[in-house]
Amino acid sequence: MIKQYLNTLFIMTEGAYASLEGDTVKVECEGQKLIQTPLHHLGTICTLGRVTLSQPLMIRCAEDGRTVVMMDRHGRFKARVSGPTTGNILLRMAQLGFHDDAERALCYAKCVVAGKLQNARQVLLRAAREDHRGGRDALVAAA
């Protein structure tokens, strides 16, 4: 059985084989094609039970940032394949530091809220400049 929910492809057919064919994922079982779907439509591929994925498919998924999750036939998690992760460890440590310092966290939160309010005001003023339906005064008043 194969199901596709939103951007996750679930492969649950015992003995199925998923491979990369061009820019699509092709799933076969006992020589019969079950599904072929464009890879760019998928965010995750999830396998349950005895399902095999080709190495080129797993590498392509990792390169594109697409996660492959493998579970046993009872739905217990076994493994996850994902590509290289990006991020700045110094930034993450600084963000975590806010958690320990309430005064610093409050100051940062005030700055975030002030920035959001300022941006919202700019959006309203821009809409007022471009308004052709007569709601200009209400937009300026809201800003």
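Side chains are part of it too, since the values below use all heavy atoms of this structure and drop only hydrogens, waters and symmetry mates.
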List, one per line, each side-chain donor-acceptor pair under 3.5 Å for residues 117-128, sequence neighbours excluded.
{"from": "N119", "atom 1": "ND2", "to": "G115", "atom 2": "O", "distance (Å)": "3.4"}
{"from": "R121", "atom 1": "NE", "to": "A143", "atom 2": "O", "distance (Å)": "3.3"}

Practice task
Report yes or no: do M12 and Y17 belong to one cluster of Ile/Leu/Val/Met/Phe/Trp/Tyr joined by side chain heavy-atom distances under 4.5 Å?
Solution key: no
Fill in the blank from the handout: What one should report as the nearest heavy-atom pair of P84 and A62 is CD-O, 4.0 Å
Problem - Derivation of the side-chain contact (heavy atoms from CB on, under 4.5 Å) call for V81 and M70 - result: CA-CA 8 Å; V81 175; M70 291 164 254; 3.5 Å; yes
Could you list the donor-acceptor pairs under 3.5 angstrom formed between side-chain atoms of residues 101-112 and any protein atom two or more places apart in sequence or on another chain?
{"from": "D101", "atom 1": "OD1", "to": "E103", "atom 2": "N", "distance (Å)": "3.3"}
{"from": "D101", "atom 1": "OD1", "to": "R104", "atom 2": "N", "distance (Å)": "3.3"}
{"from": "R104", "atom 1": "NH2", "to": "A94", "atom 2": "O", "distance (Å)": "3.4"}

Exercise for the section: Scan for side chain to side chain donor-acceptor pair (under 3.5 Å) pairs involving residues 52-65, sequence neighbours excluded, and state none if there are none. Expected result: D23-R60, R60-D64, D64-R66
Practice task
Kindly indicate whether the side chain of L20, heavy atoms from C-beta on, has any atom under 4.5 Å from the side chain of I59.
Solution key: no
Exercise for the section: Flag yes if L48 and F77 sit in one hydrophobic cluster, no otherwise; membership is Ile, Leu, Val, Met, Phe, Trp, Tyr, and two members link when side-chain heavy atoms are under 4.5 Å apart. Expected result: yes
Practice task
Output the distance between atom OG1 (T24) and atom CD (Q36), rounded to the nearest 0.5 Å.
Solution key: 3.5 Å
Handout entry: Euclidean distance, K26 NZ relative to L34 CG, rounded to 0.5 Å
Key = 11.0 Å
Practice task
Please examine the side chains of I45 and C61, heavy atoms only from C-beta on, and report whether any two atoms are closer than 4.5 Å.
Solution key: yes
Fill in the blank from the handout: Nearest heavy-atom approach of I35 to L9 is CD1-CD1, 4.4 Å
Fill in the blank from the handout: When every non-hydrogen atom of A16 is compared with those of I11, the smallest separation belongs to CB-CG2, 3.9 Å
Handout entry: Distance (rounded to the nearest 0.5 Å) between R80 CZ and M71 CE
Key = 9.5 Å
Practice task
Go through the steps to decide whether L57 and L39 satisfy the test side-chain contact (heavy atoms from CB on, under 4.5 Å), and finish with yes or no.
Solution key: CA-CA 10 Å; L57 174 59; L39 195 55; 4.3 Å; yes
